[in-house]
Amino acid sequence: MATRYEPEGLATADERVDPGPKAGSRGSAGGTGASGGRGSGAPRGGAGLGVRGWLRWMWRQLTSMRVALLLLLLLAVVALPGAFFPQRSVDPNAVQQYFLDHPDTAELLDSLHLFDVYSSPWFSAVYLLLFVSLIGCIVPRTWVHLKNLRAEPSRVPSRFTRFEVRGQTRALGTPDEVRERLRVALGRRYRRRLASERGKAADGATRTALTISAERGYGRETGNLVFHLALVGLLVVTAWGQLVHYRGQVVLIEGDTFVNAPLDFDSFDTGSWFGPESQEPFRVRLDSFESEFTVDSQPREFIAGVTLTTTDGSTRTEDIRLNHPLETNDTRVYLTGNGYAPRFTVTDGTGEVAFSGAVPFLPTADPNYTSNGVVMVPDANDGEHQLGFNGVLLPTAAADEEGNLTGSAYPQPFDPAVVLNVWVGDLGLDSGVPQNLYLLDTTDMDQVTTTEDGTESPLQVTLRPGESAELPDGLGTITFEDLPRFAAFDVRHDPSIVWMGVFAGLAFAGLVASLFLPRRRIWVRLVEGTDGATVVSAAALARGDDPGLQRELDRVLAVLDDDRPATTEEDR
């Protein structure tokens with residue numbers, strides 16, 4: 001029969017009796033219970049708090065974990081419009097097109113910063129509040145955790161019967177010998193506190209008991225803190241990257257070259273702390289562009305063959321693929337788009353060459369690369385009767401039974417053709433108002449028409465590579481020379497990307513530790529029995545649900561003997 005043992009002078013925090021509210025207090029309403037604790041609603045009697053008291057209360061609300069999680073969710077919500085509306089920092093041409101397609105709502109959306117979501121005041125406000133909330137929440141917890149790491153494990157509770165996971169056995173040997181065997185069984189994963197206590201046994205004699213208090217799983221809280229500190233790090237480096245970054249977009253036709261300088265980009269965006277000295281000098285030439293498609297027009301591969309030239313004169317050839325950018329010392333060149341750029345030669349009414357060059361035609365939503373484009377000829381006829389062409393490019397032209405073109409049958413240029421409308425007048429390029437070069441402003445232009453069978457209809461010019469067409473009324477000619485490819489590149493300098501990867505890795509490691517490292521406490525009390533054996537009582541406690549806690553306690557006690565743990569009525 002086990003020896004019942006009651007230690008003297010021991011009481012754990014949750015066993016102490018609450019003396020109740022002091023005389024004259026408001027009771028539980030002003031205490032630290034569920035209704036008045038940290039993170040609760042507005043305190044009662046708030047009128048008497050004063051400005052300092054209200055500021056302290058608001059700070060506690062802001063730095064609570066609940067508010068931090070709400071702000072994190074709110075940040076994701078306010079970032080959603082950036083996925084539905086084009087952003088100036090990413091695709092300024094799409095924003096301009098949105099203004100043309102939706103003139104009634106575009107101004108309203110622009111006033112709400114929905115085309116600049118990530119630099120809007122409301123997004124920045126949520127971002128800064130989240131940053132402050134995380135800092136105010138994590139820093140105090142970090143200091144408390146550091147103190148706990150230096151502190152010894154908690155003292156052994158006076159009673160083990162209140163713990164669901166517990167056990168009792170008997171072992172041969174003195175309490176000192178048994179405690180040493182248990183200490184070895186606990187291993188290095190547990191921090192241990194060895195102590196002794198005096199108490200009365202069932203026979204009324206005063207005995208000395210040896211105790212072991214062991215804890216493990218400090219890495220769980222460490223991982224939790226590392227995860228949240230890594231989130232703060234991500235916020236910091238993201239903000240820093242937005243301040244010092246630059247980003248430019250450029251469209252290159254095969255054989256063209258761009259220099260990494262602001263004037264060479266079609267669009268260029270920088271952060272507030274951007275300095276021209278941060279731009280790495282180099283140039284890139286697009287040598288070739290290749291694409292592969294399946295039989296049902298699904299893309300398989302896009303490869304842009306480029307030549308990179310640095311300031312020291314060294315060159316190297318690279319292939320840029322989707323998600324495989326060209327990397328220099330601190331700049332990345334991404335492939336973001338591609339299409340066809342038919343090359344035209346236009347002569348005016350005097351026979352002079354007014355335009356010669358390749359013009360990018362932008363693909364539509366058609367998977368067969370039906371593309372829209374514009375050819376502007378401002379120098380035709382000495383600028384008095386300027387020419388403009390808009391129409392579609394069909395990489396593989398498909399026709400109906402009557403020979404009329406109906407669309408493109410495949411994205412590769414097996415039978416390319418262009419169908420163009422002809423306009424004459426003022427292109428508006430000299431007005432000083434910025435224009436989209438991929439759209440033709442026909443406000444001050446007249447469409448050229450043709451008459452067939454007494455019916456006047458808009459003139460449409462259909463050309464294949466190598467073909468020319470004579471324009472009516474002595475306006476000149478247009479020739480479709482050949483069909484090179486173009487590629488769109490996004491050039492980015494963001495030194496925060498490496499640090500974002502570091503903090504993302506830390507956040508992942510911290511999250512794994514906080515989810516899977518068990519936080520366990522094991523308490524053991526050893527009392528010498530009347531028959532010379534040692535009575536071993538043990539209990540275990542875990543933070544949260546831990547289905548392996550009972551197995552862990554059984555493992556530790558199994559080093560003593562193979563007896564089954566006994567929990568008799570007398571032990572209880």
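Nothing fancy with the numbering, it's 1 onward along the sequence. The figures here come from the full heavy-atom set of this structure, side chains too, leaving out hydrogens, waters and symmetry mates. This one's a predicted model, so the numbers in the text were calculated from it and none came from an experiment.
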Test: Arg300 cationic atom under 6.0 Å from Phe293 six-membered ring centre, within 45° of axis: no

Does the side chain of Gln279 reach to within under 4.5 Å of the side chain of Phe274, using non-hydrogen atoms? yes

Distance-only side-chain donor-acceptor flag, Ser278 / His493, under 3.5 Å: no

With the threshold set at 4.0 Å, does a side-chain nitrogen-carboxylate oxygen contact exist between Asp330 and Arg492? no

Locate the shortest heavy-atom distance separating Arg193 from Ser154; write the atom from each residue and the value. NH1-C, 4.0 Å

Does atom CD of Glu301 have more than 12 heavy-atom neighbours, drawn from other residues, nucleotides or ligands, at distances under 6.0 Å? yes

Does Trp273 CH2 have over 12 foreign heavy atoms under 6.0 Å away? no

Asp494 and Ser496: side chain donor to acceptor below 3.5 Å: yes

So does Arg166 pair up with Glu164, basic N to acidic O under 4.0 Å? no

Side chains of Asp319 and His324: any donor to acceptor distance under 3.5 Å? no

Trp499 vs Phe503 aromatic rings, parallel, tilted or perpendicular, using cut-offs 30° and 60°? tilted

Are more than 12 heavy atoms, taken from residues, nucleotides or ligands other than Arg543, located less than 6.0 Å from that residue's CZ atom? no

Could Arg519 and Glu215 be called an ion pair, given the rule that one side-chain N must be under 4.0 Å from one carboxylate O? yes

Using the side-chain contact (heavy atoms from CB on, under 4.5 Å) rule, pick out the option among Val284, Thr317, Leu335 that qualifies with Val306. Val284

Pair Thr534, Glu528: side-chain N/O donor-acceptor within cut-off below 3.5 Å: no

Would you say OH of Tyr218 has more than 12 non-hydrogen atoms from neighbouring residues, nucleotides or ligands within 6.0 angstrom? yes

Taking the six-membered ring where the residue is Trp, are the ring centres of Tyr98 and Phe115 under 6.0 Å apart? yes

Using a strict 4.0 Å threshold on nitrogen-to-oxygen distance, state whether Glu221 and Arg141 make a salt bridge. yes

Checking the side chain of Ser514 only, and the main-chain atoms of Gly510 only, is there a donor and an acceptor separated by less than 3.5 Å? yes

Counting only N and O atoms by type, is there a donor-acceptor contact under 3.5 Å from the side chain of Arg520 to the main-chain atoms of Ala540? no

Can we say Arg88 and Asp116 salt-bridge, meaning some charged N sits less than 4.0 Å from an Asp/Glu carboxylate O? yes

Return yes if a side-chain donor-acceptor contact under 3.5 Å exists between Asp266 and Gln249, otherwise no. no

Do Ser196 side-chain atoms and Ala209 backbone N/O form a donor-acceptor pair below 3.5 Å? no

